[in-house]
Each structure stands twice: as structure tokens, then as C-alpha cells.
Amino acid sequence: MPRRTVLVRIPLLSRRAAGALVACAAGFVLVSATHLATLAAADTVSVSVDATKPGAKIDRNLFGQFAEHLGHGIYEGIWVGPDSSIPNTRGIRNDVVAALKALKVPNVRWPGGCFADDYHWRKGIGPADKRAATVNPDWGGVVEPNTFGTHEYMDFLDQIGSRAYVSVNVGSGTPQEGAEWLEYMTAAQPTALAKERAANGHPEPYPVAYLGIGNESWDCGGNMSPDYYVQQMKTYSRFVRNFNPAQREGSQRMLKIAVGPGGDGPRWTEWTEAVMKAWKGHQWSWDIDGLSLHSYTVIKFPPAFPSVGFGADDYSKILKATLDMDAIINTHAAIMDKYDPDKKITLVVDEWGSWYAPLPGSNPGFLVQQNSVRDALIAALNLNIFARHADRVRMANIAQMINVLQAMIITDKDKMVLTPTYHAFKMYLPFQDATFVPVTFNAGSYAHGSITLPRVDAIAAKDTAGRLWLAVTNLDPNQPADIDATIAGVTATSASGQTLTGPKVDSVNSFDAPNTVVPKPITASVQNSRISLHVEPKSVTVISVQP
Ligand code: AHR
């Protein structure tokens, strides 16, 4: 993935910083590194929240997850089988379900990833003992038992209270295979496939909320050119229907998401142009609702940065890389605006998160990594970026849910631990479907070697009950920050919430020490509706304001 070295992005600069820059309530500005003025670490961070100017809805789908048949993401992470000694419900582990239920996961993308374009759904239905074992050619060449298939996925969604985002096989499948899968899942009439579904234990049609038309079709999904993919997209959009009239209109309408870019160089802008141009001229017979974007926090491939046992160098480099998300979204949102000024098409960031070197001793094809304080900050910073782009970015899926990449949960046999990323997601729950509220602040900067980062980041929103929430991330690994927040449009008498940090930038939760990085209560002092909040170094804090 290309990275810019000349420019750095920082949120609003200090009013005392070089006067070359214009503050912008909506988000980030570009500034030449040579013009950066570094705030003294002890400076108070002035924050202005304007609740009189509500922005876009922060769609709860931005908190979506991704579960691929990869390593121990599905097998062991979710599925242990009904005969396992690990407590489970119909083969799905109870501890994981309870943890995910508490996270109010809006949707789960499945079965891939690259695996989606190798997946043939028929192998994953019917009696468990009759299912053919196949090979997972994408991830370690291991045996894929197919014991977790369509019915098990739907049962899992039901247990955690989430919605289906199914990626259909475009690379090695056919429109007919895809159409039949959708008919099998969604048909309400007594068709042969609906009857087969009933015979397999589910007479009622399944709800399918989102359909992905392939995955990374420019790479593992078939190495297609933009033009070739556009033709596939039209064909799949036309024929891979939802067969249930109740899921074809209104709020239940299944949305179709096309493969989009994987970065922000010319290769990717060409892709976005091709898909959006085709959409603009689309006929009655086909349509899409979303364009996918994949963008990982990774300095280079193969990923070489360790997920644990690192210091300030790696911390700064990785946080700088994660902030690239803002520029990548800007690039593609600008192209989308050209063809779709009404913002009908959602930019769906359906693969994002940190991607580090595999843990020593693990199968490199299983993408196993630890999850530290740094990952909690990565989660918060990306969620903040998505919130600032909430008018265009209305769905996102972190990669991946369990045991793979930037996971929420790590398991080992009967043991389970919640990661710092899990806790950050949980703290951000009030932002699901909340209304964005503009925030301006003097971010200042944290400099380490040649890397300069904003010292703090912040977003605010009003939840569905009208309560105001403020999220503050302190990127500085050494210095606390004192936040001095004024709020227009809301009377504040008290403010409190939770804060998340750990002893070191690479502190993790382990099976032996699961509470090293967990949220702790925090209270701000409030005087005349002015909020003073002290946040620790390398921390994520979310508070609500009581009137
Ligand atoms: O999340 C791991 C892999 O990253 C996915 O399978 C693929 O879509 C992407 O390249």
C-alpha cells in the first residue's frame, strides 16, 4: 500500500501553531511537516463542541465485524461443535457469544475475504457427517471441514443478535451458483431450494441484509481488470437476487456492495472511477448500494512489525500509518461525489485494522497476532475518521473478529480473553446510530524521531436519547493531557465515563492476566458547563455529559 512521506495529516492544529493553516471542524487538514509547531506537552487542550450543529448519523454498521474461514477465526474461535467439552449452543461457543452480544455487533461479513472466492456453499449444508472436507487454499492449505456453513453462520448471527453480510463467490463461482445460494437462504415460496433449506432444519427464510459481490476481485478474487469486474458486477447484481419480497424493499431491503479499491494510488482511483461511472449509467435491471474499500494498517507486505514487544518507534510509525485512512477515504469519496453527489452509494470499509508479523511459532497462514494498547488507539482513531465521514462511510468491518489480525477476542481451547480493541469498541457503543456533533480542538503534536503525530484526537455525538458523548484519544505515549471543553447547545452539570490504557504501549491482555488493559471509570469536573478532563498517556476515553 503506497504511503506518503512528504505530508503528514494532523487534526486541527493549535491556534498558536504556524498560522499557515485553516482550522476545519469536519476533520483533518494537510500540513507540510516543516510547518508543524509542537505544543508543549503540558499545554491544556482546548476543545469546543457545538451541539447546535448536528451532522450526519454515525451508522451503527460502522461497528461491523469480519469473520473469515482463516486460521482459528471460525473453527475454535466460534465453532467447537456440539460434542465439545467447551460450553456451547448447537456447536457455537457460549463465552464468545456472550462477549459479542455485549458488543451489539451490527453485521458480520462472511465467509471471506479471499476465502469467499473459493467457497462453494453447497459443501456447507446438509447433515454434518455427510459434508465433504475440502482444502482452504487461501489460508495455510489446511483441511476445511465445512461443518460451519450457512445454517451455522445464521445460527451464530441469531445468537449474538447480528445481521448477515454474505460475500458471494465471483472468482471461481458462477452467477447461477450465487443465485441459487440466495434462493436457498431467502426464498419464502415453496421452491425446491426453499424445501431443501426446510429439510435441513430451517423452514423460515433467512434474512440477508448485505450481499458482497466478490472480494478483492483485483487480486485474490480473480485478478480482474476494472472493466472485467464491472461486467461481473452487473451480471451478479442482476441475477443474484434476494428471493424474499419482504427483503427487497423498505428498511429490510438487501443492499449490494461492489468490490472497490485497496488503497489510494492510480490503480485504485481507476477502479473506483470504473465502478462509479458504470453505476451512474446503470439500467433498471441492476444496481449497487455500496462500494467496498480495503485498507489495513500495515507499513509494507509481508507485514514485519511485531504485535507485542515493541517500543516508541514502532508505536509512532504504526499510528502514523493508521491515520492514512482519512486521506484514502478523501480520495475515493471525492470520486464518488463526482458521480453520486447525493451520496446514495455507501463507501463500505469492509476490511480495516492492524496487520502485523505473525506471532513466532504460529502458522503464518493463520494471521495470528497480539492486540495491545496501541490497537485500542488504532480502533478509536479509525472509528473517529469514519464518524467524520459519516455522510459517505456508513458501514465498516474490522478484520477480523476472533483470533485473526486485529481481533476482538482471542481463544485457546476453553480459554478466552477480550482484547484492548474489544474494550475500545464497547466504550464506543453510544456512538452507534448517534448524530455527529462538530468538535474543534488544538490537537498539538507528539514527535518521535522523524514521525509527528497529533497529540490528541476527539469526536462528539448525540445518542438516540439525546445525550452528548465525547471521545478523546491521547496519542502521546508519555504525557497526560488536560482537556478543557466548552459545549454549545447543551447544559453540563456533570460528566463521566470510562478510560482505557495500560502500563506500556505494547501491554496486552493474556489468559493469565486478562485485566491488564481494561476500561476504568473516569470523572470530569464541570463548572459553568465547562468540562475539565485529565486523560492518561496512550489512552482512549469516552464520557457522557449529564444535563
Ligand atoms: O483479512 C485477511 C485478508 O486480507 C482477506 O482475506 C483479504 O480480503 C485481504 O487481502
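Note that this is a predicted model, so its numbers are computed, not measured. Both ligands and their constituent atoms are indexed starting at 1 by order of listing.
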Between the side chains of Asp350 and His294, does any donor sit under 3.5 Å from an acceptor? yes
Between His389 and Asp326, is any side-chain donor less than 3.5 angstrom from a side-chain acceptor? yes
Using a 4.0 Å cutoff against the non-hydrogen atoms of [X], which atoms of ligand 1 qualify?
X: Phe66; value: 1 (O)
X: Asn215; value: 8 (O)
X: Glu216; value: 7 (C), 8 (O), 9 (C), 10 (O)

List the residues meeting ring pair (Phe, Tyr, Trp, His ring centres under 6.0 Å) with Trp139, not counting sequence neighbours, and say none if there are none.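 Scan of Trp139 (ring pair (Phe, Tyr, Trp, His ring centres under 6.0 Å), adjacent residues dropped) gives none.
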Aromatic contact, Trp110 with Phe115 (centres under 6.0 Å): no
If we check salt bridge (charged side-chain N to carboxylate O under 4.0 Å, His left out) with Glu152, which of these qualifies: Arg93, Arg131, Arg90?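 For Glu152, the salt bridge (charged side-chain N to carboxylate O under 4.0 Å, His left out) test succeeds with only one of Arg93, Arg131, Arg90, which is Arg131.
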Ligand 1 N/O within reach of Ala399 N/O, cut-off under 3.5 Å: no
Is it the case that Lys280 places NZ or CZ above or below the six-membered ring of Tyr339, under 6.0 angstrom from the centre and within 45 degrees of the axis? no
Cation-pi geometry met for Arg109 and Phe66 (6.0 Å, 45°):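 Cation-pi check for Arg109 and Phe66: passes.
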Could you tell me whether [X] approaches ligand 1 through its side chain, its backbone, both or neither, with non-hydrogen atoms closer than 4.0 Å?
X: Asp219; value: neither
X: Asp138; value: neither
X: Trp355; value: side chain
X: Trp139; value: side chain

Top protein contact for [atom], by heavy-atom distance:
atom: atom 1 (O) of ligand 1; answer: Tyr296 OH, 2.7 Å
atom: atom 4 (O) of ligand 1; answer: Glu351 OE1, 3.2 Å
atom: atom 6 (O) of ligand 1; answer: Glu68 OE1, 2.7 Å

Between Ile410 and Met416, is a side-chain contact (heavy atoms from CB on, under 4.5 Å) present by the stated rule, with each step listed? CA-CA 6 Å; Ile410 296 174; Met416 178 191 86; over 6 Å; no
Could a heavy atom of Phe115 be found less than 4.0 Å from some atom of ligand 1? no
